[in-house]
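Proteins get letters first, then strands, A, B, ... in listed order; numbering begins at 1 in each.
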Amino acid sequence: MCGRFAIFSSFQAIKNHYKILKEIDELEKNFNLSPGQYSPIITQNQNKLFITKMRWGLVPFWAKDEKIGYKLFNCRSETILEKASFKYAFQKRRCLVPVNGFYEWKKPEKQPYFIHLKKQKIFSLAAIWESWKTPIGNTLNTFSIITTKPNKSIQNIHNRMPLIIPQKDEEKWILSRNLQDVQSLLSPYPDENMSIIKLDNPVNDNLSNNLIREAVIIDVRR
DNA sequence: CCAGACGTTGTT
DNA sequence: GTCTGG
DNA sequence: CCAGACGTTGTT
DNA sequence: GTCTGG
C-alpha cells in the first residue's frame, strides 16, 4: 500500500521535471506526508500538464461528508474500473503525485523503509483526483494513490506498493483518452532501479530526514 | 423495490 | 451517481 | 500509513 | 482495543 511519501524537492525542480510553467504557491518540504495533507499534483488542463495543490484522500463528488477521504487514500489498480468511488475518476481524472520517495512498514515490528529510484530524484506515483463542493460552496480537490502488487525488492517488506509511472509514460498517463493505453501502465515498476533504506522509528526526525536526503542525492549522482 | 454503502490492508 | 444487500 | 486520543453537557 | 486526525 502507500500510506506515506516524501516530497522535498523545490517547487522549481518539480516544475522543471514536468516542463511546467504555471505559477502557484510554493509548498513546504515534507519528509513524511500523510493522508489529509496537501501536496503538489500534476494534472491536465486543455491538454497541457499543470500543477496544483490537492489534499490526499479522495472525496467523491457525491459524498455527503468529506471524512470519507480518510478511507479512500489508496485504490487497487486491479479493481479500479469496478468501484463506484473510482471508475469515473480513473477514466477522466488521472493525475501524478511527484515524490522523492515513499514509505512502507514491515509487520509485525512496524519497521519503516524509505523507497526511491536510483537514477531519478523526482518520480511519479499514479493517482486519480476528484473535485468536491463543500457545504459552504468551496471547492475541495482531493486525490487517491493507486496501488499494485509489489515487485521483488518490496515483497519482503509488504504485499502492496504504489503504482509508479516511468518518466517516459507520464504524459500518456495524464493525457491519453485511450483506456487501453492507460490500462497498459497498470503494472508494478521494475525493481532493478529501486533503492530501499531501512529507517529508525519514528521516521520524521532530523536524522531520518538527512539520511533520506543524502541517499537520494547519492543514488542520483551514481 | 429501497436503504445504505461507496475502501484498503492484513488477520482470522 | 451507482452498486449491493435485504 | 502512524500517532494519539479514547467524553459529556451546554453554549457560541 | 479501536477510532480520529494529520
Side-chain angles (χ1 to χ4, degrees), chain A residues 1-8 27-41 53-95 97 99-116 125-136 139-151 154-164 179 186 188 196-209 211-212:
Chain A
M1 93 178 307
C2 180
R4 297 286 172 119
F5 62 83
I7 179 66
F8 49 84
L27 284 157
E28 296 282 314
K29 291 180 184 187
N30 199 328
F31 283 84
N32 194 12
L33 199 144
S34 61
Q37 295 187 301
Y38 283 80
S39 186
I41 294 296
K53 290 182 285 188
M54 294 192 197
R55 201 176 76 180
W56 189 6
L58 197 80
V59 181
F61 65 95
W62 41 259
K64 292 195 180 69
D65 185 348
E66 65 180 83
K67 284 192 174 131
I68 192 172
Y70 286 106
K71 298 177 179 175
L72 306 185
F73 60 86
N74 281 162
C75 54
R76 294 175 66 89
S77 59
E78 295 90 337
T79 54
I80 195 165
L81 277 170
E82 299 162 15
K83 302 293 181 181
S85 302
F86 302 141
K87 54 198 276 189
Y88 304 103
F90 177 66
Q91 290 174 75
K92 301 283 185 190
R93 290 180 301 282
R94 293 178 301 282
C95 59
V97 187
V99 302
N100 298 113
F102 60 91
Y103 302 87
E104 295 290 354
W105 281 261
K106 183 172 180 170
K107 301 221 169 188
E109 67 275 20
K110 239 202 248 186
Q111 171 65 53
Y113 293 86
F114 180 78
I115 299 150
H116 68 280
L125 304 185
I128 55 178
W129 68 278
E130 279 275 4
S131 197
W132 188 71
K133 278 270 178 265
T134 69
I136 58 168
T139 298
L140 176 66
N141 289 334
T142 57
F143 67 96
S144 180
I145 294 175
I146 298 173
T147 63
T148 185
K149 297 184 306 190
N151 61 28
I154 292 182
Q155 66 186 2
N156 302 320
I157 300 172
H158 206 70
N159 65 343
R160 302 292 292 171
M161 70 173 194
L163 180 65
I164 296 167
L179 202 59
L186 295 180
I196 299 180
I197 60 175
K198 193 173 176 177
L199 297 171
D200 290 335
N201 204 353
V203 295
N204 59 341
D205 61 2
N206 289 329
L207 279 177
S208 291
N209 293 355
L211 189 66
I212 289 165

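Contact annotation: A:Y88 side-chain N/O to C:dT2 OP1/OP2 distance is under 4.0 Å. In this model, the phosphate group of B:dG7 is approached by a side-chain N or O of A:S85 to a distance below 4.0 Å at OP1 or OP2. Side-chain N/O atoms of A:K87 include one lying less than 4.0 angstrom from OP1 or OP2 on C:dC3. For the pair A:R76 and B:dT8, the criterion of a side-chain N or O lying under 4.0 Å from OP1 or OP2 is not met.
Between E:dG5, B:dC6, D:dC1, one nucleotide has an atom nearer to the side chain of A:P35 than all others, and that is D:dC1. Side-chain proximity of A:K67 to the nucleotides B:dC6, E:dG5, D:dC1 is greatest for E:dG5. Among the nucleotides B:dG7, B:dT9, D:dC2, the one closest to any side-chain atom of A:T147 is B:dT9. Here the nucleotide nearest the side chain of A:T79, chosen from D:dA3, B:dT8, E:dG6, is B:dT8. Of the listed nucleotides (E:dG6, B:dT8, C:dT2), E:dG6 has the atom at the smallest distance from the side chain of A:R4. Taking the side chain of A:P202 as heavy atoms from C-beta on, and the options B:dT8, E:dG6, D:dA3, the nearest nucleotide is D:dA3.
Separation of the P atoms belonging to E:dT2 and B:dT12 is 11 Å when rounded to the nearest angstrom. E:dC3 and B:dA5 have their P atoms separated by 15 Å, with the value rounded to a whole Å. As rounded to the nearest Å, B:dT11 and E:dG1 have C1' atoms that lie 15 Å from one another. Rounded to the nearest Å, the gap between the C1' atom of B:dC2 and that of D:dG7 is 36 Å. With C1' as the reference atom, D:dC1 and B:dT9 are 10 Å apart, rounded to whole Å.
The distance between atom CG of A:D65 and atom C1' of B:dG4, rounded to the nearest whole Å, is 15 Å. Atom-to-atom, CH2 of A:W56 to P of D:dC2 comes out at 11 Å; the value is rounded to the nearest Å. We find that CD1 of A:I145 is positioned 14 Å from P of B:dT8, with the value rounded to whole Å. Remark: P of B:dT12 and NZ of A:K107 are 11 Å apart, rounded to the nearest angstrom. When the C1' atom of D:dC1 is taken as reference, atom NZ of A:K110 falls 9 Å away, rounded to whole Å. Between the CD atom of A:Q91 and the P atom of C:dT2 there is a distance of 12 Å, rounded to whole Å. Nucleotide B:dT8 holds its P atom 17 Å from the NZ atom of A:K149, rounded to whole Å. The separation between A:K64 atom NZ and C:dT2 atom P is 14 Å, rounded to whole Å.
Under the Watson-Crick and G-U wobble criteria, each requiring two contacts below 3.5 Å, nucleotide D:dC2 is paired to E:dG5. Nucleotide D:dT8 forms no Watson-Crick or G-U wobble pair with any nucleotide shown, as no partner meets the under 3.5 Å limit on both distances.
A salt bridge is defined here as a Lys NZ or Arg NE, NH1 or NH2 lying under 4.0 Å from an Asp or Glu carboxylate O, and A:R160 with A:E78 meets this definition.
Among the heavy atoms of the strands, none lies under 4.0 Å from A:S144. Contacts of A:C75 with the nucleic acid, taken as non-hydrogen atoms under 4.0 Å apart, involve only primed sugar atoms and P, OP1 or OP2. Looking at heavy-atom distances under 4.0 Å, A:F61 makes contact with sugar-phosphate atoms alone, never a base.
The environment of CD in A:E109 is crowded: more than 12 heavy-atom neighbours from other residues, nucleotides or ligands sit within 6.0 Å. With a 6.0 Å radius and a threshold of 12 heavy atoms from other residues, nucleotides or ligands, A:K67 has its NZ atom at or below the threshold.
Judged by centroid separation below 5.5 Å and plane tilt below 30°, A:W62 stacks onto the base of B:dC6.
Nearest heavy-atom pair across A:P162 and A:T148 is O-CG2, 4.1 Å.
Expressed to the nearest 0.5 Å, how far CG of A:L140 lies from CD of A:E66 amounts to 6.0 Å.
With A:F5 as reference, A:L33 is the one residue of A:N30, A:L33, A:N32 to meet the side-chain contact (heavy atoms from CB on, under 4.5 Å) rule.
A donor-acceptor contact closer than 3.5 angstrom links the side chains of A:K133 and A:T139.
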